[in-house]
There are 2 protein chains.
Amino acid sequence: MAPPRCSVAVDLVVLTVQDGRARVLVVRRAIPPFRGELALPGGFVLADEDLLDAAERELAEETGLVDLRAHLEQLRTYGRPDRDPRGRVISVAYLALVPDAGVPVSGSDADDARWVDVEELLAEPGALAFDHATILADGVERARAKLEYTSLAAAFCPPTFTVAELRTVYEAVWGTPLDPRNFHRKVTGTPGFVEPTGRTTTRQGGRPAQLFRSGPSARLHPPMLRPGDGGS
Amino acid sequence: MAPPRCSVAVDLVVLTVQDGRARVLVVRRAIPPFRGELALPGGFVLADEDLLDAAERELAEETGLVDLRAHLEQLRTYGRPDRDPRGRVISVAYLALVPDAGVPVSGSDADDARWVDVEELLAEPGALAFDHATILADGVERARAKLEYTSLAAAFCPPTFTVAELRTVYEAVWGTPLDPRNFHRKVTGTPGFVEPTGRTTTRQGGRPAQLFRSGPSARLHPPMLRPGDGGS
DNA sequence: TCAAAAGTGTTGACTCTACACCCATGT
DNA sequence: ACATGGGTGTAGAGTCAACACTTTTGA
């Protein structure tokens, strides 16, 4: 017998950090179903398009990002038979981490895109169309976990950044304050995490901070441990 | 415009440990394409079937497993446009970890299923059809990583097991010898990892070993670290 | 001179590794 | 008795959390 056929979409969890808070890119849907409601950006995969290419295309369309400085990885696939009222649609979700400065507020395609506070969005049930609340929760959990054992936090930062800026990323994504002194030692003491540029920056008040760029290491050994993360 | 349509399959990376070696379940394909070659077990998702249900169905068909003691989780989705000569087929891969005793040697559906040494299979390029070598490599890496920070190793063991049996699981999956004394302390000292049953077992020669069952904890804190795992 | 932010030193608790050593059984 | 594998003690190195303290700027 011929195998059943269905449509395949990619949906994007695009995260950034603004003003010390984790934010996610959402669009207001211009067409049914769920017209007028908030949803994650995404769209159908073209006939001869690779999944990652489709995700990059959607990311570019929604954010205006062309020079891909963003981190983009596959998150998970969602395929409940009733997840889309139009019929059987399989969604391959991707997780993107982008720096704050790198994305125009609304360089969007057709729908208007905006940044929304992640914690507030997850606290409100039914705020997102389809099963996108589940996808968002999975994406946030993936990001939280990956900050622990990879140097991915730098993906949220501009090309050069201070240790304090990197710390605000951890604090925003984890939702926990970290000790600035120990964090500084940990980051600068882990080989390959960050590299000094020799330059310094100064905001109003306080001693100037050294500027770093992202180092060559992808994995952190030993990992950066979340406070109060006792097993389950 | 109407979205392009394609077929969706699930493929399974079913791992077990036999005689201190990691083994994977493969089938010899009875129909084209790749007829006569080795491949991971799998099949198309039915019209109204959830992805996890499809994976469980294929696992039952290929292994004869009915009382699902196995661990089963989504691994990753593979969607290169040219990955299947029949046309556009998206494959959602699942990772299953099963105990050695739990699976009949060949309780298979139509193709003959067999256990193959993972390391040997990965060393031989072109041994698996489609992109299944990539899927297998990703599955093995996922299993290796999850042994570090979860209590998943018990999924490879029968309902009750000794610390030494659990250690052989780690050694087989990681491909590294571990110190029996330190491993014992680590396992019994991590709360919720294993629970004593009070019973003992004895194989020929040597002091009888205590029998444990899997504990309530899913995540290990602190994690079990792979030896010689210095970052990258 | 003071406030603010960056960065360093130090200490006690904990963990890991390595290996010496004792325990309980089959033959 | 002795081989075989199960399990405990202990010492040194390393890591982490906590917090006192010094450095360098703007106002």
Side-chain angles (χ1 to χ4, degrees), chain A residues 19-20 147-149 157 160-171 174 176-212 217 219-231, chain B residues 19-20 147-149 157 160-171 174 176-212 217 219-231:
Chain A
D19 309 320
L147 289 203
E148 287 195 306
Y149 61 94
C157 296
T160 68
F161 50 88
T162 67
V163 175
E165 286 169 349
L166 194 65
R167 179 166 48 81
T168 64
V169 167
Y170 276 90
E171 292 176 330
W174 284 352
T176 322
L178 297 175
D179 185 306
R181 293 79 61 111
N182 293 335
F183 184 85
H184 183 278
R185 216 194 325 262
K186 175 75 181 171
V187 167
T188 56
T190 300
F193 193 175
V194 297
E195 288 178 336
T197 64
R199 301 165 51 82
T200 59
T201 279
T202 174
R203 272 160 291 300
Q204 67 270 23
R207 167 174 171 179
Q210 291 181 58
L211 278 169
F212 295 86
S217 253
R219 292 201 135 58
L220 301 184
H221 287 271
M224 178 95 59
L225 294 174
R226 279 189 260 189
D229 193 4
Chain B
D19 310 319
L147 288 204
E148 287 194 309
Y149 62 93
C157 296
T160 68
F161 50 88
T162 67
V163 175
E165 286 169 348
L166 193 65
R167 179 167 47 80
T168 63
V169 167
Y170 276 89
E171 293 176 330
W174 284 351
T176 322
L178 297 175
D179 186 305
R181 292 80 62 109
N182 294 335
F183 183 85
H184 183 278
R185 217 193 324 264
K186 174 74 181 172
V187 167
T188 56
T190 300
F193 193 174
V194 296
E195 289 178 335
T197 64
R199 300 166 51 83
T200 59
T201 280
T202 173
R203 271 159 290 298
Q204 67 270 24
R207 167 175 170 177
Q210 292 181 58
L211 279 169
F212 295 87
S217 252
R219 292 202 133 57
L220 301 184
H221 287 271
M224 178 95 61
L225 294 174
R226 277 189 262 189
D229 192 4

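The shown structure was predicted, so the numbers you read here are calculated from the model rather than taken from an experiment. Order of the sequence lines sets the chain letters (A, B, ...), proteins ahead of strands, with each chain counted from 1.
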Nearest whole angstrom, please: distance from the [atom2] of [N] to the [atom1] of [X].
X        : N      : atom1 : atom2 : answer
A/Arg181 : D/dT22 : CZ    : P     : 14 Å
A/Phe183 : C/dT8  : CZ    : P     : 15 Å
B/Phe161 : D/dG6  : CZ    : C1'   : 16 Å
B/Leu178 : D/dG7  : CG    : C1'   : 16 Å
B/Tyr170 : C/dC16 : OH    : P     : 12 Å
A/Arg226 : D/dA17 : CZ    : C1'   : 18 Å
A/Asp179 : D/dC21 : CG    : C1'   : 13 Å
A/Glu165 : C/dG7  : CD    : P     : 11 Å

OP1, OP2 of [N] versus side-chain N and O of [X]: anything below 4.0 Å?
X        : N      : answer
B/Gln210 : D/dG7  : yes
B/Lys186 : C/dC16 : yes
B/His184 : D/dG6  : no

Position toward the 5' end of DNA chain C (nearest nucleotide), B/Gly206 or B/Pro223: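 The 5'-side residue here is B/Pro223.
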Nearest listed nucleotide, side chain of A/Pro208, among C/dA18, D/dT25, D/dC19: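 Within the option list, the nearest is D/dT25.
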Proximity to the side chain of B/Asn182 - top-ranked nucleotide from D/dG7, C/dC16, C/dC19: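 Nearest to the side chain of B/Asn182 among the choices is C/dC19.
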Closest-nucleotide ordering on DNA chain D, the 5'-leading residue of B/Ala164 and A/Leu225: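 Per heavy-atom nearest nucleotide, the more 5' residue is B/Ala164.
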Contact summary for A/Thr197 and A/Phe212, nearest pair of heavy atoms: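 The pair with the smallest heavy-atom distance is CG2-C, 3.8 Å.
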base_contact_polar (D/dG9 base, B/Arg185 side chain, donor-acceptor, <3.5 Å):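 Between D/dG9 and B/Arg185, which were checked side chain against base, a qualifying N/O pair under 3.5 Å is present.
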Side chain A/Arg207 and base C/dA6 donor-acceptor under 3.5 Å: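 Donor-acceptor pair under 3.5 Å: yes.
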